[in-house]
Protein chains: 2
Amino acid sequence: MKEDTHLNSMFAKFKILQRPYANGLQQVLGPYQMSEAQWGLIRYISEVGPATNSEIALYWSVEKPSVTALAQKLIDQHLIYVVYGTDKRKKVMHLTEEGIVKYQQLKKVVHAFQASLLVDITEEECEVVEKVLEKLQQNFRK
Amino acid sequence: MKEDTHLNSMFAKFKILQRPYANGLQQVLGPYQMSEAQWGLIRYISEVGPATNSEIALYWSVEKPSVTALAQKLIDQHLIYVVYGTDKRKKVMHLTEEGIVKYQQLKKVVHAFQASLLVDITEEECEVVEKVLEKLQQNFRK
DNA sequence: ACTAGTTAGTTAGCCTAATTAATTAAATAT
DNA sequence: ATATTTAATTAATTAGGCTAACTAACTAGT
């Protein structure tokens, strides 16, 4: 055998799961008037800390205007507020009290959703998957 | 410890990788005038066999009109053609000769792309990931 | 202190890919 | 035969990205 040119089925399975996951999460978040992306931003700020638009754009591999629009929706809902940095160009997003409460609510329901998906999957398997995902991320940076 | 309510970081990593992967694949497919979804359909037909719109819609968790639009683009490019089944409602998509050639071309470049991402990842790790992805898929069906 | 170049963010307009609702036609079940 | 379900389409809408062009603020080189 000289060449191994068959496609890796891991990536295909990866792809197939994206929509069920997104649809499921949407079901869970819908009653809270929250999209997956909005939840993602609240989650980031809560877990990583206050962030600028550019930081989010880089982290998510989206362009900055996408973040502007998303942030505006959360501001309208009084879930985040913006503080100007010492560098006056930078607008640092923070959670409001209301945003903190929302995060804690959503965290519970999202966790329940995820737990329902992890049935029959062991800790060890999860760890291997995470390790592989991290390596993939590193390979993207090359 | 009575409750474990912290979010599973595997799903977050999963999410973060989606855009770099899609963007990378788009780079690879762009020169061939092909979107990721179009490639996905060609690939499905080539590897699984001729398929109806409904079959694809179910497999990908999208609505049927989405498949109609996608298929039309491939018909316009003469990459697939449609045969009516014995059930005359069903339109079965097949690859044309041109479509088969396109598949073989793309398979090579996509494989190279995937290989570049799999650096430092072992066969065994891949297998664990695939097994986990399959279990997740089963859990969605519940 | 001026100038040139860069970075952060916004606005406007566009595109793609998805959705829902309504329609037609064919197959199936009562 | 009639009613229901299934396959596919069309039309209209929505969500979430993108690029291009812009302002404002910072940085570095002269």
Side-chain angles (χ1 to χ4, degrees), chain A residues 15-27 29-30 33-42 44-45 50-77 80-94, chain B residues 15-27 29-30 33-42 44-45 50-77 80-94:
Chain A
K15 201 73 203 173
I16 286 303
L17 280 173
Q18 287 179 9
R19 293 190 57 78
Y21 184 78
N23 290 342
L25 199 48
Q26 209 180 311
Q27 287 285 321
L29 296 174
Q33 330 280 9
M34 181 115 315
S35 73
E36 184 178 357
Q38 286 173 30
W39 156 243
L41 183 49
I42 285 180
Y44 185 97
I45 298 172
T52 64
N53 285 19
S54 294
E55 180 181 344
I56 297 295
L58 181 66
Y59 185 67
W60 286 349
S61 310
V62 296
E63 297 301 322
K64 287 182 292 177
S66 304
V67 181
T68 300
L70 179 60
Q72 192 54 54
K73 283 178 195 155
L74 293 181
I75 292 169
D76 293 345
Q77 292 178 264
I80 65 172
Y81 66 97
V82 160
V83 172
Y84 283 86
T86 47
D87 179 339
K88 287 184 201 154
R89 293 168 307 178
K90 290 188 179 168
K91 298 172 79 169
V92 184
M93 296 178 280
H94 295 250
Chain B
K15 200 74 202 172
I16 287 302
L17 280 173
Q18 288 179 8
R19 293 191 57 78
Y21 184 78
N23 290 342
L25 198 49
Q26 207 180 313
Q27 288 285 321
L29 297 174
Q33 332 280 8
M34 182 116 313
S35 73
E36 184 178 357
Q38 287 172 31
W39 156 243
L41 183 49
I42 287 180
Y44 185 98
I45 297 172
T52 63
N53 286 17
S54 292
E55 181 182 344
I56 298 294
L58 181 66
Y59 185 67
W60 285 350
S61 311
V62 296
E63 298 301 322
K64 286 181 292 180
S66 305
V67 181
T68 300
L70 179 60
Q72 193 54 54
K73 283 178 194 155
L74 292 180
I75 292 169
D76 294 345
Q77 292 178 262
I80 66 173
Y81 67 97
V82 160
V83 172
Y84 284 85
T86 47
D87 179 337
K88 288 182 200 155
R89 293 168 307 177
K90 290 187 180 171
K91 298 173 79 168
V92 184
M93 297 178 278
H94 295 251

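For the numbers below, each heavy atom of this structure counts, side chains included, while hydrogens, waters and symmetry mates do not.
A:Thr68 comes within 4.0 angstrom of a base, heavy atoms only.
For A:Thr52, taking side-chain heavy atoms from C-beta onward, the closest of the listed nucleotides D:dC26, C:dT20, C:dG9 is C:dG9. Relative to the side chain of A:Arg89, the nucleotides C:dT6, C:dG9, C:dT11 differ in distance, and C:dT6 lies closest.
Each of B:Asn23 and A:Thr86 lies near DNA chain D, and the nucleotide nearest B:Asn23 is the one positioned closer to the 5' end. Mapping B:Glu36 and A:Val92 onto DNA chain C via the closest heavy atom, the residue that lands nearer the 5' end is A:Val92. Taking the nucleotide of DNA chain D with the nearest heavy atom to each of A:Val62 and B:Val67, the more 5' of the two is matched to B:Val67.
If you take CD of B:Glu63 and P of C:dA22, they are 15 Å apart, rounded to a whole angstrom. Rounded to an integer number of Å, the gap from A:Lys88 NZ to D:dT27 P is 12 Å. Summarising the geometry, the separation between OH on A:Tyr84 and P on D:dC26 is reported as 12 Å, rounded to the nearest angstrom. Rounded to a whole Å, the NZ atom of A:Lys90 is 8 Å from the P atom of C:dG9. One atom, CG of B:Leu58, and another, C1' of D:dA7, lie 13 Å apart when rounded to the nearest Å. Computed from coordinates, the A:Glu55 CD to C:dA8 C1' distance equals 13 Å when rounded to whole Å. In this entry the distance linking CE of B:Met34 with C1' of C:dT16 reads 15 Å, nearest Å. Nucleotide C:dT11 holds its C1' atom 12 Å from the CD atom of A:Gln72, rounded to whole Å.
Put simply, A:Arg19 has a side-chain N or O that comes within less than 4.0 Å of OP1 or OP2 on C:dT19. At C:dT7, none of the side-chain N or O atoms of A:Ser54 fall inside 4.0 Å of OP1 or OP2 (strictly under the cut-off). Contact between the side-chain N/O atoms of A:Lys73 and the OP1/OP2 oxygens of D:dG16 is found at a separation under 4.0 Å.
In this structure, the separation between CD on B:Gln33 and CD on B:Gln77 is 7.5 Å, given to the nearest 0.5 Å. Put simply, CD on A:Gln18 and OH on B:Tyr21 are 9.5 Å apart, with the number rounded to the nearest 0.5 Å.
Counting heavy-atom neighbours within 6.0 Å of A:Lys90 NZ, excluding the residue itself, gives a total of 12 or less.
Considering only heavy atoms from C-beta on, B:Gln26 stays 4.5 Å or farther from B:Ser35 through its side chain.
Under the side-chain contact (heavy atoms from CB on, under 4.5 Å) rule, A:Ile80 has a single partner from A:Gln72, A:Lys73, A:Met93, A:Gln38, which is A:Met93.
Side-chain to base pairing of A:Lys64 with C:dG9: one donor and one acceptor N or O lie within less than 3.5 Å of each other.
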